[in-house]
Structures are given as C-alpha cells and as structure tokens.
Amino acid sequence: MTIKKHLPNFITCLNLLSGCIGITEAFKGNLVNAALLIIAGAIFDFFDGFIARLVKASSPIGKDLDSLADVITFGLLPGVILFNLLKINGNIPLAINYIPLIVPVFSALRLAKFNNDPRQTGSFIGVPTPANALLIGSLPLITEFNSDFNLNFIINNPYFVISVSVIMSLLLISEIPLFALKFKTFNWKDNQIIYIFLLISLILLLLIKVAAIPLIVILYVILSVINNSILKKTK
C-alpha cells in the first residue's frame with residue numbers, strides 16, 4: 001500500500017527532474033534536447049494523474065507537488081528555450097531579451113488560478129501550461145526536423161519569439177473555456193469534440209510531423225471556442 005501511495009508523487013518528481021535537466025540543456029544551447037525533455041515531462045504529467053486515480057492515491061501534497069513540477073517543466077523551461085532562441089538569433093537590447101521570461105511568471109499565475117478555481121474541475125479556463133510548453137518546445141524541433149517546410153526564418157526571427165512569448169502568456173491567464181481531454185465514457189455523443197480534435201491532430205502529425213504541434217494547440221483553442229458557442233445555443 002505504501003508503494004502505491006507514493007508512486008504518483010514519484011512520477012511527478014520525474015516530471016520535475018525532466019524540467020531541471022531540460023533547463024541545463026537549454027543553457028548549454030542544446031534546445032532540441034530541452035524540447036524533448038518537455039515532451040518527457042508531459043508524459044510523466046499525464047501518468048502521475050492517471051496512476052493516482054487508478055490506485056486512489058490522490059492527496060493535497062500530490063496536487064501541490066504537481067503544480068510545483070509544472071512551474072519548472074512547463075513554465076521556466078519553455079521560457080528559457082525562448083530566451084535562448086532570442087539571444088542566439090536577435091541583436092536586440094538586453095531588456096527586450098528578457099521578455100520570454102514572462103512565460104514562467106504567467107505559467108505560475110495560471111497554475112495558481114487553476115488550483116483555486118472551482119470552475120476548472122472538469123475543464124480549463126485559459127491554455128493549460130503543458131499545451132503552452134509543447135507549443136514552445138516544438139519550435140527548436142521544427143528547425144531541426146522539419147527543414148522541408150523552411151520555417152526557420154520565421155522561428156529565428158526575434159519579433160516572432162517576442163510575439164509568441166507575449167501572446168501565449170496572455171492566453172495562459174485568459175478567460176477562454178477549453179475542454180479537457182478526459183473520457184468519462186467512450187461514446188460519441190459525450191466526447192465528439194475530443195474525437196474530432198484527436199482525429200485532426202493525428203492527421204496533422206502524420207502529414208507535417210512536429211510542425212503540426214503549434215497548429216494542434218491553435219486547433220484546440222478554436223474547437224473549444226466553437227464547442228462553447230454550440231453549448232450556449234443548446235441551453
């Protein structure tokens with residue numbers, strides 16, 4: 001029983017460790033490795049909650065630990081990746097170079113809101129930190145693995161990096177309701193928006209690989225807005 005009780009927290013700590021290692025990789029200039037560690041952290045983040053529900057080991061400590069890990073892996077690490085992208089590719093004033101570090105600040109605000117907002121028990125208000133981190137982490141992966149699309153000139157543009165930092169930070173704390181990727185049942189009627197999202201996402205990944213990740217996050221927001229509009233009309 002004791003091992004089962006601590007297993008979710010152990011997996012959460014692996015999420016945190018992924019973020020810590022990713023930060024060291026980012027400061028070494030290994031942005032691809034840093035991005036891959038965001039993906040590793042996202043996998044651990046999924047399984048810690050899944051295992052906690054499976055073995056019925058949820059606890060206030062686990063919830064707090066999860067948020068602390070997310071601040072590092074999905075807040076500080078993507079901010080450091082953007083900081084290094086801007087530092088490498090932009091000849092700009094020093095103060096502007098620190099703009100990407102608003103990402104961890106707004107990520108912390110988003111997580112604090114989530115932990116204290118009763119509206120977010122079954123869905124999200126604002127873009128979740130893992131989705132934001134995966135979008136940002138995809139940028140160095142696209143430059144490395146999706147050269148066929150010639151997007152490097154966009155991603156390496158300092159104004160693009162600054163725009164991503166500001167826009168995604170604002171979306172983190174926005175009041176946009178977003179559906180959660182959780183299945184209570186597997187029937188079509190209750191989960192059609194999730195099935196549509198997963199199907200389109202899979203097609204995009206097969207067609208354009210890691211370049212699909214930013215489009216998938218954008219799709220997530222758009223489908224959520226459409227879904228909210230439909231739900232309001234049916235009430």
Side-chain angles (χ1 to χ4, degrees), residues 15 18 22 25-26 30-47 50 73-74 77-78 81-82 84-86 88-89 100 103 123-124 126-172 174 176-183 186-230:
N15 171 15
S18 297
E25 288 296 304
N30 301 326
L31 299 187
V32 170
N33 289 346
L36 292 174
L37 283 157
I38 287 179
I39 295 173
I43 293 170
F44 290 130
D45 185 55
F46 170 80
F47 278 106
F50 177 79
T73 305
F74 307 134
L77 176 50
I81 287 175
L82 288 174
N84 279 276
L85 277 174
L86 194 57
I88 293 168
N89 300 302
V103 170
S123 60
F124 300 113
V127 173
T129 52
N132 178 57
L134 287 169
L135 184 149
I136 292 170
S138 71
L139 300 179
L141 295 178
I142 291 169
T143 61
E144 181 73 17
F145 301 113
N146 279 74
S147 56
D148 293 344
F149 295 99
N150 197 25
L151 298 174
N152 293 25
F153 75 99
I154 297 175
I155 294 171
N156 293 332
N157 187 307
Y159 296 103
F160 173 78
V161 176
I162 292 169
S163 298
V164 169
S165 303
V166 174
I167 292 170
M168 294 311 299
S169 292
L170 293 175
L171 285 175
L172 283 167
S174 69
I176 302 173
L178 303 169
F179 62 86
L181 294 171
K182 294 179 181 179
F183 292 92
F186 291 99
N187 63 65
W188 167 259
K189 184 178 178 181
D190 294 334
N191 302 289
Q192 55 184 322
I193 193 68
I194 299 176
Y195 284 127
I196 291 169
F197 170 71
L198 292 176
L199 178 61
I200 298 175
S201 299
L202 179 61
I203 293 170
L204 288 171
L205 284 169
L206 290 173
L207 290 176
I208 56 176
K209 302 174 184 176
V210 292
I213 295 175
L215 296 179
I216 289 171
V217 175
I218 295 169
L219 173 70
Y220 177 47
V221 175
I222 292 172
L223 286 179
S224 293
V225 172
I226 294 172
N227 189 51
N228 294 331
S229 178
I230 293 171

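Only this structure's heavy atoms are used, side chains among them; waters, hydrogens and symmetry mates stay out.
Rounding to the nearest 0.5 Å gives a distance of 8.0 Å between CG of Asn132 and CG of Leu171. Leu37 contributes atom CG, which lies 10.5 Å from atom CD1 of Ile43 (distance to the nearest 0.5 angstrom). From Thr129, atom OG1 reaches atom CZ of Phe74 across 6.5 Å, with rounding to the nearest 0.5 Å. Atoms CD1 and CD1, on Ile162 and Ile167 in that order, are 11.5 Å from each other to the nearest 0.5 Å. To the nearest 0.5 Å, atoms CG (Leu178) and CD1 (Ile222) are separated by 11.5 Å.
Shortest non-hydrogen contact noted between Gly137 and Ala35 is O-CB, 3.0 Å. Taking each heavy atom of Val161 and Ile155 in turn, the nearest pair found is CG2-O, 3.5 Å. Residues Leu151 and Ala211 come closest through the heavy atom pair CD1-CB, 4.4 Å.
Contact check for Leu85 versus Leu31: side-chain heavy atoms found under the 4.5 Å cut-off. Residues Ile81 and Leu139 fail the side-chain proximity criterion, which asks for heavy atoms closer than 4.5 Å.
Between the Asn228 side chain and the Pro177 main chain, a donor and an acceptor come within less than 3.5 Å of each other. Listed for the Asn157 side chain is no donor-acceptor partner under 3.5 Å among the backbone atoms of Phe153.
Using cut-offs of 30° and 60° on the angle between ring planes, the pair Phe179 and Phe197 is perpendicular.
Within a 6.0 Å sphere centred on CZ of Phe47, heavy atoms belonging to other residues, nucleotides or ligands number 12 at most.
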